[in-house]
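I have placed the structure first, in the form of structure tokens, so that the comments after it can refer back to it.
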Amino acid sequence: MKIINVVGARPNFIKIAALYKAYAGRKDIEPVLVHTGQHYDRQMSDLFFRQLEIPEPDMNLEVGSASHAVQTAEIMKRFESVASEHKPDAVLVVGDVNSTIACGLVAVKQGIKLVHVEAGLRSFDRTMPEEINRVLTDSISNLLFCTEQSGVDNLRKEGIAQEKVFLVGNVMIDVLLRNKEKAKDSNILDELGLSSDDYTVLTLHRPANVDNTKVLGGILDAIDVIQKRMPVVFPIHPRTRNSLSSTSLGQRIEDMRNVHLTEPLSYLDFLKLMSSATVVLTDSGGIQEETTILKVPCLTLRKNTERPITVEIGSNQIVGTATDAIVAAFERTMSGKNAEPQIPPLWDGHAAERIAEILLDKV
Ligand code: UD1
């Protein structure tokens, strides 16, 4: 079975790493790896390939950054000839980024089976570009692999035939569990002068948070309070860096003496940083899941989550972006009144193997 695997943006690399481990040594699966080039910085892309032992992409479409329409259209244009040349049995896409929907659309229009890994997640917030990508990709996929039961339920409500849908667990967690020991060797805490369990990690990259000065300013006001209690490490996503440097907020965060600003970190450094943190503040989707497994309290700086299991049984709280709400949630978390988090069903490190078995049976 020949299967084209598509990656474009940072979280995709992690998910594909799990699948490539499951494909390794299997003579019955011939994987082809296509990098769309949506993320291209060394820190956002190359480092992940190296640390996670993902093979060099068979091709890189080198689309780079652009508006949503241009980026999506360019990926489609460039992927069309790749798909028609390779004539794969299936195209597999992961997550919810522009590369996911762009390559998905090209595949189905060529009559190629489309496989979506991390299907069914819904924030029910259509202002999020990822939500549009999720809904559209799921509606055209032939096989849909879900990380949690809410995904299965959402797909059923949207009328997707249940025989196409499989609850398999979480490939991102496969990678985390495989790399947890290795991450212990990271020197990132020493490099930043931090002690274990005595700092907060912050990540921000959602357009709704970082492209809006009022929202971003409100979050930074909360960070100003928190950094007076304990160090805050803030690896800055390129989108956020652009936003900060084009306003006075860049200077504001630089003036906070207990905030450590860093480039985007490698996978292993970031895993070590999360594992040893007291609290993680984030607007990322994947980090809500990773902190659940690590049992580190996560305060999600959004109004909603497409990953409700992390709140129901994990360590995640949905806090929003208002200054007072963030500070109050931080204080509550520090006072230790948190339920003991549980591990979601099937987040056991074997999701990718389950996917490979089902692919062989169904494609
Ligand atoms: C994308 C995904 C988002 C995912 C995130 C992870 C979409 C719609 N969004 O958002 O779901 O959570 O990746 O990081 O697909 N840039 C660089 N170097 C890079 C990549 C980007 O400098 O390697 C800068 C560019 O200025 C670019 C901006 O970051 O315009 C945004 O990049 P883009 O790929 O449009 O989306 P992300 O915000 O990274």
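From a predicted model like this one, the values you see are computed outputs, not experimental measurements. Just follow the structure's listing: the first ligand is 1, and inside any ligand the first atom is 1. Values below: every heavy atom of this structure, side chains too, minus hydrogens, waters and symmetry copies.
- Side chains of Leu204 and Phe234 form a contact here, defined as non-hydrogen atoms less than 4.5 Å apart.
- When hydrogens are left out, the protein atom nearest atom 24 (C) of ligand 1 is Pro238 CB, 3.5 Å; that is the closest non-hydrogen contact.
- Nearest protein heavy-atom contact of atom 25 (C) of ligand 1 is Ser65 OG, 3.2 Å.
- For Pro11, every heavy-atom contact with ligand 1 shorter than 4.0 Å involves the side chain, none the backbone.
- Listed by atom number, the atoms of ligand 1 under 4.0 Å from Gln71 heavy atoms are 34 (O).
- Within the structure, the side chain to side chain donor-acceptor pair (under 3.5 Å) test picks out the following pairs touching residues 81-107 (sequence neighbours left out): Lys2-His86, Thr36-Ser99, Gln38-Ser99, His68-Asn98, Gln71-Asn98, Asp96-Arg134, Asn98-Asn133.
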Determine all donor-acceptor pairs shorter than 3.5 Å in which one atom belongs to a side chain in residues 182-193; sequence neighbours excluded.
unit_1: Lys184; atom_1: NZ; unit_2: Glu181; atom_2: OE2; d: 2.8
unit_1: Ser186; atom_1: OG; unit_2: Ile188; atom_2: N; d: 3.1
unit_1: Ser186; atom_1: OG; unit_2: Asp269; atom_2: OD1; d: 2.7

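- In this structure, His35 has its ring center under 6.0 Å from that of Phe49.
- Close contacts of ligand 1 with Asp96, meaning ligand atoms under 4.0 Å from a residue heavy atom, involve 11 (O).
- The side chain to side chain donor-acceptor pair (under 3.5 Å) test with Asp283 is passed by exactly one of Thr203, Thr240, Asn209: Asn209.
- The environment of Gln162 atom CD is dense: over 12 non-hydrogen atoms of other residues, nucleotides or ligands sit within 6.0 angstrom.
- In this structure, Gln43 has no heavy atom closer than 4.0 Å to ligand 1.
- Atom 12 (O) of ligand 1 has His205 NE2, 2.8 Å as its closest protein atom, hydrogens excluded (heavy atom only).
- Backbone and side-chain nitrogen or oxygen atoms of Tyr40 are examined, and one is located within less than 3.5 angstrom of a nitrogen or oxygen of ligand 1.
- With values rounded to the nearest 0.5 angstrom, Leu346 atom CG is found 13.5 Å from Phe166 atom CZ.
- Within the 4.0 Å heavy-atom criterion, the part of Met44 lying near ligand 1 is the side chain and not the backbone.
- Contact atoms of ligand 1 toward Glu130: 3 (C), 9 (N), 11 (O) (distance under 4.0 Å to a heavy atom of the residue).
- In this structure, the protein non-hydrogen atom closest to atom 38 (O) of ligand 1 is Arg239 NE, 2.7 Å.
- Inspection of the Gln149 and Asp153 side chains reveals an N or O donor paired with an N or O acceptor under 3.5 Å.
- Of the protein's non-hydrogen atoms, the one nearest atom 34 (O) of ligand 1 is Gln38 NE2, 3.2 Å.
- Close contacts of ligand 1 with His68, meaning ligand atoms under 4.0 Å from a residue heavy atom, involve 8 (C).
- The shortest distance between side-chain heavy atoms of Leu105 and Met76 falls below 4.5 Å.
- Closest protein heavy atom to atom 2 (C) of ligand 1: Val97 CG1, 3.6 Å.
- At a threshold of 4.5 Å between side-chain heavy atoms, the hydrophobic network of Ile, Leu, Val, Met, Phe, Trp and Tyr places Leu155 and Ile140 in two separate groups.
- Residue contacts with ligand 1, taken as heavy atom pairs separated by less than 4.0 Å, involve His39 via backbone and side-chain atoms alike.
- Between Arg307 and Glu148 there is no salt bridge, since none of the side-chain N atoms of the basic residue sits less than 4.0 Å from a carboxylate O of the acidic one.
- Residues Tyr267 and Ile14 meet the side-chain proximity criterion, which asks for heavy atoms closer than 4.5 Å.
- The protein heavy-atom contact nearest to atom 8 (C) of ligand 1 is Asn98 OD1, 3.3 Å.
- The N/O atoms of Asp41, backbone and side chain alike, include one that comes under 3.5 Å of an N/O atom in ligand 1.
- Atom 26 (O) of ligand 1 has its closest protein heavy atom at Asn242 ND2, 3.0 Å.
- Against a heavy-atom cut-off of under 4.0 Å, Ala9 is close to the following atoms of ligand 1: 13 (O).
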